[in-house]
Amino acid sequence: GSYLQGPLDIITSGFKNSKKTYNIERFMGLILCEKQWRNLRMPVTCFITAESLGDRSTWKKIKVSGAREGVLFKYEAQMEEAYKNRDLWRKHGRWIGLRPPRRFQVEEIH
């Protein structure tokens, strides 16, 4: 859908301040702002924001998890929470629509 097409739309149509270097967090923030989409932060992003130890990071140093077969991460608590969520999904992998929709407060663990 349009969410998956968002990054390509921004790149091909051009965007403000295109000479600036964007990391993944800033780039996704730009897309969400341009498209006027709401964003709920998810802990899964804690370890997919880098491809190598040398990648730039906006906050914490990127590390390698020995216990998780070399997975790259910034926040260990968030990485572990993401793995817990993955395990739950593997046990009960189905979506259930909430009627009426519920609002959730999402806490970030740093």
Side-chain angles (χ1 to χ4, degrees):
S2 62
Y3 183 79
L4 296 176
Q5 190 69 27
L8 181 62
D9 290 346
I10 295 293
I11 292 169
T12 58
S13 67
F15 50 91
K16 302 171 199 154
N17 209 359
S18 62
K19 294 184 187 211
K20 185 176 180 179
T21 301
Y22 291 89
N23 63 18
I24 190 66
E25 290 102 345
R26 288 180 188 241
F27 182 63
M28 285 307 295
L30 173 75
I31 293 168
L32 294 167
C33 182
E34 290 286 323
K35 297 285 190 175
Q36 297 180 346
W37 290 334
R38 291 187 60 224
N39 177 37
L40 294 177
R41 304 276 307 230
M42 297 179 71
V44 72
T45 62
C46 73
F47 64 95
I48 61 171
T49 58
E51 294 181 7
S52 74
L53 286 173
D55 283 358
R56 285 184 26 207
S57 174
T58 56
W59 182 247
K60 269 189 133 177
K61 185 176 178 178
I62 297 166
K63 301 175 196 169
V64 176
S65 171
R68 297 287 183 188
E69 301 175 8
V71 167
L72 299 178
F73 69 95
K74 289 194 294 186
Y75 311 111
E76 188 169 13
Q78 289 182 350
M79 179 185 67
E80 293 304 326
E81 193 64 29
Y83 275 101
K84 287 179 194 173
N85 289 337
R86 180 202 63 178
D87 293 342
L88 280 172
W89 180 256
R90 286 181 173 169
K91 288 180 185 175
H92 311 286
R94 60 189 167 98
W95 292 100
I96 300 172
L98 302 175
R99 300 279 181 215
R102 296 184 200 162
R103 294 176 84 76
F104 293 95
Q105 176 66 37
V106 178
E107 285 186 36
E108 289 194 34
I109 305 167
H110 292 271

For the student: nearest non-hydrogen atoms of Phe73 and Val64, plus distance: CE2-C, 3.7 Å
Take Tyr83 and Val71 through the side chain to side chain contact (heavy atoms under 4.5 Å, CB included) test and state the conclusion after the steps. CA-CA 11 Å; Tyr83 275 101; Val71 167; 3.2 Å; yes
Between the CD atom in Glu81 and the OH atom in Tyr75, the distance rounded to the nearest 0.5 Å is 16.0 Å
Verdict with reasoning, Asp9 to Lys35, per side chain to side chain contact (heavy atoms under 4.5 Å, CB included): CA-CA 10 Å; Asp9 290 346; Lys35 297 285 190 175; 3.1 Å; yes
Shortest non-hydrogen separation from Pro7 to Phe27 and the atoms involved: CB-CE2, 3.9 Å
Do Met79 and Ser65 pass the side chain to side chain contact (heavy atoms under 4.5 Å, CB included) test, and can you show the C-alpha distance, the side-chain angles, and the key distance before you say yes or no? CA-CA 9 Å; Met79 179 185 67; Ser65 171; 3.7 Å; yes
Pairwise distance CZ(Arg90) to CG(Asn85) - rounded to 0.5 angstrom: 12.5 Å
How far does CG of Leu8 sit from CD1 of Ile31, to the nearest 0.5 angstrom? 10.0 Å
So does Glu80 pair up with Arg68, basic N to acidic O under 4.0 Å? yes
